[in-house]
2 protein chains.
Amino acid sequence: MARPRSFDPDDVLEIARQMFWQKGFQATSLDDITAASGVAKPSLYAAFGDKNALFLKVLDRYHDGILGWAERVLAQPGPARDIIRQWLIGFIPYCSGEKGQRGCLSINSATDGSLDQVELRKSIERYNRRLEELLRTRLRTDRAQFRKGFDPDITAHTIMVVHAGLLALAHQRPDSKQVKAVIDQVMSLLA
Amino acid sequence: MARPRSFDPDDVLEIARQMFWQKGFQATSLDDITAASGVAKPSLYAAFGDKNALFLKVLDRYHDGILGWAERVLAQPGPARDIIRQWLIGFIPYCSGEKGQRGCLSINSATDGSLDQVELRKSIERYNRRLEELLRTRLRTDRAQFRKGFDPDITAHTIMVVHAGLLALAHQRPDSKQVKAVIDQVMSLLA
DNA sequence: TTTATTATGTACTTTAAAGTACAGAATGTG
DNA sequence: CACATTCTGTACTTTAAAGTACATAATAAA
């Protein structure tokens with residue numbers, strides 16, 4: 001009954017994600033996204049709202065991607081230690097070398113002082129809470145695999161800290177072997 | 001032989017540091033710094049160069065402050081483990097609660113995609129290299145205090161990762177007890 | 001006291017990017 | 001076909017902030 005959209009919103013979100021991830025929120029203009037996607041500004045505004053709203057949608061998408069993957073990996077059968085190690089190893093391509101330079105979109109956003117919108121903070125907090133919950137649940141469930149006195153809650157949080165640290169330092173493009181060595185060393189806490 | 005400066009450059013750098021740290025590079029305008037310091041823009045330009053150059057000076061100052069403190073703490077006599085623990089504990093006020101929200105100026109800058117100037121990257125890399133070197137040197141020197149097979153180099157890097165992780169997650173204002181628990185757990189790697 | 005020199009403050013220009021007005025195009029329906 | 005409806009593209013306005021021109025003020029030296 002009316003003119004249909006000439007683009008797939010999901011494609012645009014994907015393009016926007018790449019640009020925001022690479023250049024950051026501030027340095028990515030809507031003109032950039034228009035140029036890369038071929039979708040003019042009025043259409044972007046109609047489909048996603050203003051720049052903040054667009055970024056929030058992109059970030060939520062990013063979060064969902066990582067959470068979905070974490071859920072799949074951490075639900076696998078086997079020793080919790082091996083599973084969590086496997087999960088961390090999976091981040092190595094994003095924590096080292098060329099690709100590592102952009103770091104993590106979520107952490108980049110969390111550390112960006114100019115982005116202190118309430119919605120954004122909530123999204124990031126929710127993401128961190130969920131991720132930590134996945135780790136905690138797994139460690140609690142498999143608690144019997146560890147030493148007496150093992151604390152699943154603190155350990156889950158420590159893994160979150162290491163994870164964040166690796167992705168924060170990723171901007172320096174460390175060597176993947178070094179990242180792996182850190183993961184291996186930290187994994188010795190799971191005993 | 002000429003009109004003297006009416007302000008102390010160091011005072012301005014201190015004010016600029018607070019503003020950049022709180023609001024980030026992009027969101028802090030020179031007009032903000034002018035308003036806070038009482039120094040007009042042409043004077044800022046004459047004294048520090050453009051905004052990027054000013055920020056670089058601020059960041060170097062910040063780095064020097066932390067490095068100086070780390071040198072002092074890590075040179076103290078005593079078991080390396082206790083000394084390094086003390087050093088990490090010293091960050092707790094900056095990793096938790098209200099004050100933690102701004103995180104670390106260096107990490108905030110490293111994760112800011114819009115700040116990919118060469119000079120800036122160099123400054124941050126140099127800072128990280130020096131900090132890690134202080135840790136590594138101490139761990140190597142006191143290597144005899146640890147188990148057979150203890151690797152000072154990897155351990156120094158792991159501590160850097162944890163340090164970065166704590167400061168990246170600081171933006172969520174975690175509880176100081178939780179931060180302390182993570183530090184204590186990680187310290188068990190030094191044995 | 002005059003002069004050379006550098007700092008300061010006002011007010012300007014420039015630029016980049018967010019956001020929008022509006023005319024016209026593309027569809028489904030009667 | 002004609003119409004209601006929503007989308008699209010061009011071109012505009014607005015705003016915020018970086019950077020600067022210029023007249024003036026403050027000092028040290030001669």
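Just so it is clear, the structure is predicted and the values come from calculations on it, not from any experiment. Per chain, numbering begins at 1; letters A, B, ... match sequence-line order.
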Next item on the list: Write down the atom of Ala16(B), the atom of Ile33(B), and the distance for their closest heavy-atom approach.
Entry: CB-CD1, 4.1 Å
Check: Is there a residue in residues 22-54 of chain A whose heavy atoms reach under 4.0 Å of DNA chain D, and which residues are they?
Finding: Ala40(A), Pro42(A), Ser43(A)
Next item on the list: Check step by step if side chain to side chain contact (heavy atoms under 4.5 Å, CB included) holds for Ser109(B) and Phe55(B).
Entry: CA-CA 10 Å; Ser109(B) 307; Phe55(B) 185 71; 3.3 Å; yes
Check: For Ile83(B) and Val73(B), which heavy atoms make the closest approach, and how far apart are they?
Finding: CG2-O, 3.3 Å
Notebook entry, point to check: Which of these passes side-chain contact (heavy atoms from CB on, under 4.5 Å) with Arg136(B): Asp153(B), Ile154(B), Thr155(B)?
Noted result: Asp153(B)
Next item on the list: Return the minimal non-hydrogen interatomic distance between Pro174(B) and Ser96(B), and the atom names on each side.
Entry: O-CB, 3.2 Å
Margin query: One thing to verify: whether Lys23(A) and Asp32(A) come together as a salt bridge, which I'm taking to mean a side-chain N less than 4.0 angstrom from a carboxylate O.
Written below: yes
Check: Between Phe25(A) and Phe20(A), what is the ring plane arrangement, given parallel below 30°, perpendicular above 60°, and tilted in between?
Finding: parallel
Next item on the list: Scan residues 2-14 of chain A against DNA chain D and write down, sorted by residue number, each residue with any heavy atom closer than 4.0 Å; if none is found, say none.
Entry: Ala2(A), Arg3(A), Pro4(A), Arg5(A), Ser6(A), Phe7(A)
